[in-house]
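Read the structure below first, then the notes.
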Amino acid sequence: FVLCIFPLLSFRLVFFAARRFRGGRNPQPRRTPPSPTYRDRGDTTESFPLDFTAVEENMDNFMTQVKNLAQSLYPCSAQKLDYDMKLHFLENTSVTCNDGTPAGYYMKESRGSRRWLIFLEGGWYCFNKENCDSRYDTMRRLMSSSKWPQTKTGTGILSPLPEENPHWWNANMVFIPYCSSDVWSGASAKTDHSGYAFMGSLIIQEVVKDLLTKGLDNAKVLLLAGSSAGGTGVLLNVDPVAELLEGLGHPGIQVRGLADSGWFLDNKQYRSTDCHDTISCAPTEAIKRGIKYWGSVVPERCRQVHLGEEWNCFFGYRVFPSIKSPVFVVQWLFDEAQLTVDNIHLTGQPVQEGQWRYIQNLGIELRNTLKDVPAMFAPACLSHEVITRNYWIDVQVKGTSLPRALHCWDRSLQDNSRNNKAPPKGCPVHLIDSCPWPHCNPTCPTIRDQFTGQEMNVIQFLMHMGFDVQKMAQQQGMDPSKLLGMLSSGS
């Protein structure tokens with residue numbers, strides 16, 4: 001008993017000392033918040049929402065205390081600590097994956113937390129019977145739930161570990177597997193013509209309805225996040241989710257979006273090819289064919305702007321101005337998926353000068369489309385997806401990490417709701433690299449040689465791609481060694 005109660009007492013002392021020390025002020029008297037009620041639980045465990053604002057300036061030390069507390073109390077618990085999300089199938093069995101198997105979601109509950117994170121998985125798409133048949137043969141997991149595991153471990157922003165996920169580790173986590181192949185936009189049942197059901201948008205709506213019976217009805221914040229096709233899915237569905245909750249009598253839930261690697265451009269390909277499959281087809285042509293095949297629905301405000309050309313709503317910079325909900329955009333300036341559909345294939349061979357110029361221009365185009373997005377994080381890296389990677393805390397733009405930027409965004413939205421329009425000091429939310437080359441940011445994820453598997457630094461990578469240091473230095477009017485130094489430091 002002593003072993004169990006002592007760490008709890010010491011934690012209380014640390015927590016209240018932190019509150020008293022903050023800013024040298026005595027804490028204001030706190031009202032005791034009512035404990036949230038949970039239906040159909042079958043137990044009497046009491047939950048207490050915690051207010052962490054008092055220690056946010058010293059969050060690392062606080063998290064260490066929390067971790068030590070958890071480790072100290074672990075032997076006292078009769079229950080094994082369970083970090084995994086568990087599989088649930090939808091109550092509405094008419095909403096399915098492509099092949100008619102039931103759609104569903106993975107969930108890890110965090111009792112006492114009023115924050116919910118729903119993540120949309122990515123994984124390209126298919127846009128006709130032929131390439132959907134091929135996808136079903138080679139990537140069945142993305143079209144069927146028949147072999148989904150019973151549990152899933154969250155990583156990155158879905159991680160329950162504070163050292164990997166500093167500000168969202170304690171949220172209720174929901175992962176929706178991608179099994180509709182329609183960029184989360186479809187609303188059509190299986191037909192003889194299509195051969196498949198495309199119900200991405202309906203799956204999201206049904207998951208939200210199911211979660212309302214599992215505690216979401218008590219939520220304060222719902223963050224709809226996603227990567228790649230899931231990131232585009234966020235842009236298409238964040239407002240419909242907010243409208244759904246309001247229509248079901250929950251207007252107080254603050255719905256926000258986090259779109260990772262889903263801000264695609266409808267630009268001209270480096271080399272035009274026939275539209276046979278997902279990889280070779282120009283993005284605009286693939287989406288034009290897809291929305292007819294999928295029976296897609298797009299946000300009403302965007303549809304009104306692009307009547308008859310609803311395909312525009314799948315491209316971030318075109319749909320973003322019509323979105324009402326707050327959205328944070330995460331986008332690599334040199335996105336590998338964008339380069340792939342633009343027919344730039346970095347297979348380890350030195351790139352040609354025309355390809356190199358195209359890659360640099362892509363970075364410029366992306367910067368231009370993001371300049372009016374108030375909350376965004378855009379590193380000059382060659383990569384794809386980040387928020388569920390375990391290295392997501394390591395990448396920085398102008399000295400600020402992505403978790404820190406998201407925390408600043410969270411704070412700015414709280415301040416706005418209190419009519420304090422000034423952003424928190426030293427807390428940037430609009431972060432975009434200005435250096436012009438892929439991987440000129442020294443915190444970019446590691447690149448490996450595709451043939452040897454060896455790690456490459458920035459200079460090795462650029463020379464591997466055919467970058468001529470001597471020629472570039474001459475063009476810039478500087479000494480080659482100085483240019484190499486600037487590249488190494490990310491200047």
Do S146 and R141 have side chains that approach each other closer than 4.5 Å (heavy atoms only, starting at C-beta)? no
Taking the basic N atoms (NZ, or NE/NH1/NH2) and the acidic carboxylate oxygens, is any pair closer than 4.0 Å for K214 and E91? no
Sub-4.5 Å side-chain heavy-atom contact between P240 and Q205: yes
Does NZ or CZ of R318 lie under 6.0 Å from the centre of the six-membered ring of F315, at an angle within 45° of the ring axis? no
Only residue of D133, D182, T191 satisfying side chain to side chain donor-acceptor pair (under 3.5 Å) with Y196 is D133
Counting distance only, does the side-chain N/O of E246 pair as donor-acceptor with the main-chain N or O of P251 below 3.5 Å? no
Within the supplied structure, the quantity of interest is the number of heavy atoms (other residues, nucleotides, ligands) at a distance under 6.0 Å from K398 NZ; does it exceed 12? yes
For the pair Y106 and F175, name the ring-plane relationship: parallel under 30°, tilted 30 to 60°, perpendicular over 60°. perpendicular
Using 30° and 60° as the class boundaries, would you call the ring planes of F314 and W294 parallel, tilted or perpendicular? tilted
Students often mix this up, so state it plainly: with edges at 30° and 60°, are the rings of F127 and Y125 parallel, tilted or perpendicular? tilted
Tell me whether E300 at atom CD has more than 12 heavy atoms from other residues, nucleotides or ligands lying less than 6.0 Å away. yes
Could you walk me through whether E310 and R301 satisfy the salt bridge (charged side-chain N to carboxylate O under 4.0 Å, His left out) test, starting with their C-alpha distance in whole Å, then the side-chain angles of each, then the deciding distance to 0.1 Å, before giving a yes or no? CA-CA 11 Å; E310 288 82 2; R301 277 178 294 277; over 6 Å; no
To the nearest 0.5 Å, tell me how far S322 OG sits from D239 CG. 7.5 Å
CG-CZ distance between L406 and R411, expressed to the nearest 0.5 angstrom: 13.5 Å
Heavy-atom closest pair (E385 atom, S228 atom, distance to 0.1 Å) is OE2-CB, 3.2 Å
So L366 and L265, do their side chains get closer than 4.5 Å, heavy atoms only? yes
N170-S113 side chain donor-acceptor pair, cut-off 3.5 Å: no
When rounded to the nearest 0.5 Å, the distance separating CZ of R140 from CG of L142 is 12.0 Å
Are T443 and D394 close enough that some pair of their side-chain heavy atoms sits under 4.5 Å apart? no
Ionic contact status for K288 with D266, cut-off 4.0 Å: no
I'd like to know if the side chain of T232 pairs up with that of W184 as donor and acceptor (distance under 3.5 Å, no hydrogens or angles considered). no
Would you please say whether a donor-acceptor pair under 3.5 Å links the side chains of T155 and R389? no
Compute the ring centroids of Y293 and F198, then answer whether they are less than 6.0 Å apart. yes
Supply the atom-to-atom distance I176 CD1 to Y105 OH, rounded to the nearest 0.5 angstrom. 9.5 Å
P445 backbone acceptor or donor facing H439 side chain under 3.5 Å: yes
Tell me, do T101 and T96 make a side-chain contact under 4.5 Å, heavy atoms counted? no
Checking the side chain of S401 only, and the main-chain atoms of R404 only, is there a donor and an acceptor separated by less than 3.5 Å? yes
Would the distance check show the side chain of Y391 and the main-chain N or O of C444 forming a donor-acceptor pair, the cut-off being under 3.5 Å? no
Short side-chain donor-acceptor distance under 3.5 Å, N172 and S110: no
Under 3.5 Å, side chain of D433 to main-chain N/O of V397, donor-acceptor pair present? no
For D410 and R256, run salt bridge (charged side-chain N to carboxylate O under 4.0 Å, His left out): C-alpha distance rounded to whole Å, both residues' side-chain angles, the deciding distance at 0.1 Å, then the answer. CA-CA 10 Å; D410 203 32; R256 303 168 186 171; 2.4 Å; yes
How about F89 and S145: do any of their side-chain heavy atoms sit closer than 4.5 Å? yes
Starting at NE2 of H167, measure out to CG of L402 and round the result to the nearest 0.5 Å. 10.0 Å
With a 4.5 Å limit on heavy-atom distance, are the side chains of E164 and N390 in contact? yes
Strictly distance-based, threshold 3.5 Å: is any side-chain N or O of N92 a donor or acceptor partner for the main-chain N or O of S94? yes
Non-hydrogen side-chain atoms of S180 and I203 separated by less than 4.5 Å: yes
Between atom CD1 of I118 and atom CE of M107, what is the distance when rounded to the nearest 0.5 Å? 9.5 Å
Exactly one of S201, S325, S185 clears side chain to side chain contact (heavy atoms under 4.5 Å, CB included) with N237, and that residue is S201
Is the backbone N or O of N128 less than 3.5 Å from a side-chain atom of N131, with the two atoms forming a donor-acceptor pair by type? yes
Show the nearest heavy-atom pair for residues V95 and M199, with the distance to one decimal. CA-SD, 3.6 Å
Between N165 and S159, is any side-chain donor less than 3.5 angstrom from a side-chain acceptor? no
